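Since the structure comes first, as C-alpha cells, the remarks are kept for the end.
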Amino acid sequence: MGGRYRGYPAETAPAPRDRTVALHRADLLAACVYLALATAVLSRQWRDTGSGYLIKSGQDQTMWEWFFAVTAHSVAHLDNPLGTNLQNFPAGVNMMANTAMFGVGVPLTPVTLLFGPTVTFALALTLGLAATAYAWYRLFARELVSSRAAAAIGGLFCGFAPAMISHANAHPNFVALALLPVIAGLLIRMARAALDAEAAPRNRTRDAIVLALLVASQIALGEEPLLIFALAFGLFAVVYHLHQPRVGVRALRALAPTIASAAGLTLLVTAVPLWWQFFGPQSYHSIDHGPMGNDLKALAQFPSESLGGAWSPGQYVAINDTEQNAYFGWPLLLVLTATVALLWRDRVVRAATAVIAVFGVLSLGSVATIGKRPTGVELPWALAERIPVLDSVLETRLTMAAVPAIAAVLALASDRAAASWKQSATDWKPLAWFAALTFALFPLTPTVLPVTDRAPTPRFFADGTVRQYVRDGSVVVIPPPRPPDARALRWQADVGFTFPLAGGYFVGPTGVEKKGSYGPEARQTTALLVKALDTGTVPPIGGEERDAALADLRYWRADALVLPSTTHSDVLTSTVTQLLGFAPARVDDVWLWDVRGLR
C-alpha cells in the first residue's frame with residue numbers, strides 16, 4: 001500500500017500540528033461510533049443476559065458460552081484448560097481443537113465468574129465488531145488514505161459487513177478480527193523500510209518478537225481467520241508488486257529473515273497448545289463437512305439481518321443463518337465494478353480486485369450452484385480442498401477475505417472524492433460518488449439481531465440436587481446432549497461443573513482414521529432415544545437393546561439418567577424404563593433413574 005498522502009501534492013496536506021489534534025478527535029469519534037453501532041446490533045442480547053438467546057445461533061451460543069464457562073472454571077481451579085472431560089465423558093474434549101478462544105476466555109475469566117458466560121459471549125461479539133472496524137480504520141488512515149472520513153468508511157464496512165453481522169449471531173472467533181489489520185500494518189511498515197534507502201533501519205529483533213506475539217495471540221483467538229487472512233494478504237502482495245517484480249523480490253528477501261524468526265518464535269510460544277491440538281487427547285486429523293460453498297445468488301442478494309433483507313428478501317440459499325458470508329447486495333457489486341474500472345491504474349485497486357475475484361470464486365466451492373441447484377460446472381476449489389489444512393476450511397468463509405479488499409477500494413474512491421471536494425466545492429463528481437456509495441451501502445445497514453427467551457434451567461440442576469446422585473461418574477440426560485440440542489451444557493455450567501456429562505456439542509475424532517465429526521461417536525442407546533423423541537413412539541426393545549444400553553451406561557460410567565420436561569416425555573420415560581427394567585423416581589422437576597448400582 002502507498003504511504004500517507006499518496007497521489008496528492010504536499011500542499012493539500014494539513015499542517016502537522018493541526019493534523020495531530022484532528023487525528024485524536026477523529027479516532028475517538030470513530031471508536032465511539034463503531035462501539036455504539038456494535039452495541040445497537042446486539043442490544044437485545046444486552047437487555048437480557050440472564051435468559052436472552054440469539055435466535056439464529058442455533059446451538060452455537062450454548063456451545064460458546066460453555067467454552068467460556070469451562071475455561072474460567074479451569075483457570076479458577078488451576079486445571080489444564082487445553083482439554084476437559086466435563087462433556088463427552090469419559091473420552092473428553094480437546095479444547096484447542098475446538099476453537100475455544102483462549103484469547104478471550106482466559107483474560108475474561110473474572111467477567112465470566114462474576115457475571116456469567118452470556119456476558120462474556122456478548123462482550124466478545126460487541127467488542128469484536130467495534131475493534132475490528134477500528135483496527136481497519138487505523139490501518140487505512142495510516143497506510144492508504146489521507147481523509148479520515150474515507151478511512152472511517154473502510155473501517156465501517158470491515159467491521160459491519162454482512163458476513164460479520166451473520167457471524168455475530170454465534171461465532172466470536174470470526175468477529176474478533178482486530179489483530180489481522182495490525183499484523184498487516186506491521187508487515188507493510190517492515191516492507192517499506194526495507195525498500196526505502198532513506199528510512200531509518202528497523203530493529204529486526206523487535207519486529208520479529210512483535211510479529212510473533214501478534215500471530216500467537218491471533219492463534220488464541222481463531223486459526224481459521226488467520227489462515228484466510230494470510231492467503232489473501234499474500235495474494236495481495238504478489239499482485240501489488242507485479243508491475244515491479246524485482247522490487248517485490250527485494251522486499252521479500254529483506255523481510256524473510258524477520259518473518260522466519262517470527263515464525264520460529266511463534267512456534268516456540270504456541271508449541272504446547274498446538275501439540276495438544278494436533279496430537280493430544282481427542283485430536284483429529286481433518287473434518288469432513290460436505291459441500292459448503294456459496295450459492296451464486298448469495299453474492300448479489302441482501303443479508304437477512306439488514307434493511308435490504310427486510311425490504312427485499314431473496315431466496316434462502318445460505319448454509320445457515322450464521323454463515324451468510326457473501327450477501328454483498330447487487331447495488332454494491334454494481335458500484336464496486338464501476339469503481340474498479342475507473343481506478344484500475346491504482347496498484348492497490350488491482351491487488352484488491354485480485355483478492356475479491358480469487359477468493360470469491362474459491363468460496364463457491366467445488367461445483368457452482370444457482371438457487372441451490374448444482375450447475376455441474378467444476379470450480380478451482382475441487383483442487384484446493386485436497387490440500388491438507390485447507391480441506392477443513394468451510395469454503396463459504398473464504399468470501400470474508402474480500403471484505404477488507406472491498407473496503408480498501410471504497411476508501412480509496414472516497415479519499416479521492418474528498419480531495420476533489422476540497423479543491424472545488426462545485427465539482428459534481430464527489431457528490432455523485434457519495435450518492436452511489438449510499439446507494440450501495442444503505443441496504444446493507446444491519447438490523448438488531450433477534451433474541452428469544454431460553455427455558456430456565458431445571459430446578460434439579462439449578463438447586464444443586466444433582467450433586468446427591470453423582471458419585472464419580474456422569475449424568476446422562478435423556479437423550480444425551482448433541483449438536484441439535486446442547487441445552488444440558490448450560491445446565492451443567494449453571495451448577496458449577498460439579499458433574500460430567502455424557503455426550504455433548506464439540507468436534508472430536510471418530511473411527512480409526514480420527515476424522516473430525518460434530519458431536520460424540522454414535523452409540524446405540526443414544527440413537528434409540530433420539531428415534532423415540534423424533535417419532536413420538538416407543539421403538540421395539542429386546543435383549544439386544546437392553547444389552548447395548550447396559551454397555552453404554554458402563555462406557556459413560558453413568559451415575560444417573562435424567563429426563564427433564566420435554567416433548568414426548570412419556571414416550572422417553574417408557575423407553576428408558578423398558579431398557580433398564582425399573583421405573584424412575586420423581587425428583588424436583590425431573591424423572592431420574594439412579595443407575596449407580598448397574599456399574
Side-chain angles (χ1 to χ4, degrees), residues 1-4 6-7 136 139-140 142-145 150-151 154-155 157-158 161 163 177 180-196 211 225-256 258-259 294 299 325-326 328 332-333 335-364 379-381 383-384 387 390 393 395 397-416:
M1 293 183 181
R4 195 179 292 171
R6 181 179 53 80
W136 281 108
L139 178 65
F140 292 150
R142 180 168 184 170
E143 305 295 345
L144 186 64
V145 298
F157 186 76
C158 287
L177 307 179
L180 300 182
V182 177
I183 294 172
L186 176 59
L187 292 172
I188 291 169
R189 291 191 296 275
M190 288 165 54
R192 181 184 300 115
L195 296 174
D196 189 352
L211 182 58
L226 177 62
L227 173 63
I228 295 172
F229 163 79
L231 295 173
F233 189 81
L235 176 61
F236 181 95
V238 169
V239 177
Y240 182 82
H241 287 102
L242 274 182
H243 83 300
Q244 290 181 321
R246 292 182 179 178
V247 175
V249 171
R250 185 155 56 94
L252 181 59
R253 287 177 177 173
L255 293 182
T258 304
I259 294 177
N294 285 322
L299 300 177
N325 293 298
F328 298 116
L332 175 59
L333 295 183
V335 172
L336 181 65
T337 301
T339 305
V340 167
L342 292 172
L343 302 182
W344 184 250
R345 297 182 62 184
D346 191 297
R347 297 166 63 189
V348 172
V349 171
R350 293 199 300 271
T353 303
V355 172
I356 296 168
V358 170
F359 282 84
V361 171
L362 290 176
S363 76
L364 299 177
L379 297 173
W381 185 253
L383 298 175
I387 301 173
L390 285 182
V393 173
E395 53 267 36
R397 294 174 176 174
L398 295 171
T399 329
M400 296 188 72
V403 170
I406 293 173
V409 174
L410 299 181
L412 274 172
S414 299
D415 191 49
R416 294 196 177 190

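Given the structure is predicted, the values throughout are model-derived calculations rather than measurements.
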In Å, rounded to the nearest 0.5 Å, how long is the span from CG of Leu362 to CG of Leu379?
-> 9.0 Å
Donor-acceptor contact present, side-chain Arg250 to main-chain Arg246, <3.5 Å | no
Leu364 and Trp381, any side-chain heavy atoms less than 4.5 Å apart | no
Going by the angle between their ring planes, with limits at 30° and 60°, are Phe140 and Trp136 parallel, tilted or perpendicular?
-> tilted
Do you know which two heavy atoms are closest between Ala354 and Leu235, and how far apart they sit?
-> O-CD2, 3.8 Å
Please check if the side chain of Arg350 supplies one atom and the backbone of Arg345 the other of a donor-acceptor pair under 3.5 Å.
-> yes
CG (Asp346) and OG1 (Thr339) are apart, to the nearest 0.5 Å, by 12.0 Å
Kindly give the heavy-atom pair with the smallest separation between Asp415 and Ala150, and that separation in Å.
-> N-CB, 3.5 Å
Could you go through the side chain to side chain contact (heavy atoms under 4.5 Å, CB included) check for Leu336 and Ile406 one step at a time?
-> CA-CA 8 Å; Leu336 181 65; Ile406 293 173; 3.9 Å; yes
Contact summary for Val355 and Ala232, nearest pair of heavy atoms | CG2-O, 3.7 Å
Just how far is it from atom CG of Leu195 to atom CD of Gln244, taken to the nearest 0.5 Å?
-> 9.5 Å
Compare every heavy atom of Asn294 with every heavy atom of Ala326, then report the nearest pair and how far apart it is.
-> CB-ND2, 4.0 Å
Could you tell me whether the side chains of Ser363 and Asn325 share a donor-acceptor contact shorter than 3.5 Å?
-> no
Please report the C-alpha distance between Met400 and Leu177 in whole Å, then the side-chain angles of each, then the deciding distance to 0.1 Å, and finally whether the side chain to side chain contact (heavy atoms under 4.5 Å, CB included) criterion is met.
-> CA-CA 11 Å; Met400 296 188 72; Leu177 307 179; 4.2 Å; yes
Within a strict 4.5 Å, meaning less than it, do heavy atoms of the Leu390 and Leu227 side chains meet?
-> yes
Minimum heavy-atom separation for Gly185 to Leu139, with atom names?
-> CA-CD1, 3.5 Å
Ile356 CD1 to Thr337 OG1 distance, which is reported to the nearest 0.5 Å = 9.0 Å
Before giving the answer on side chain to side chain contact (heavy atoms under 4.5 Å, CB included), spell out for Phe233 and Leu180 the whole-Å C-alpha distance, their side-chain angles and the decisive distance to 0.1 Å.
-> CA-CA 10 Å; Phe233 189 81; Leu180 300 182; over 6 Å; no
Atom CG of Leu398 and atom CG of Leu231: how far apart are they, to the nearest 0.5 Å?
-> 8.0 Å
Are Leu342 and Val349 close enough, and set up right, to give a side chain to side chain contact (heavy atoms under 4.5 Å, CB included), and what steps lead you there?
-> CA-CA 10 Å; Leu342 292 172; Val349 171; over 6 Å; no
Could you pull out the closest heavy-atom pair between Val403 and Cys158, with the gap in Å?
-> CG1-CA, 3.8 Å
Got a second to check how far Phe236's CZ is from His241's NE2, nearest 0.5 Å?
-> 9.5 Å
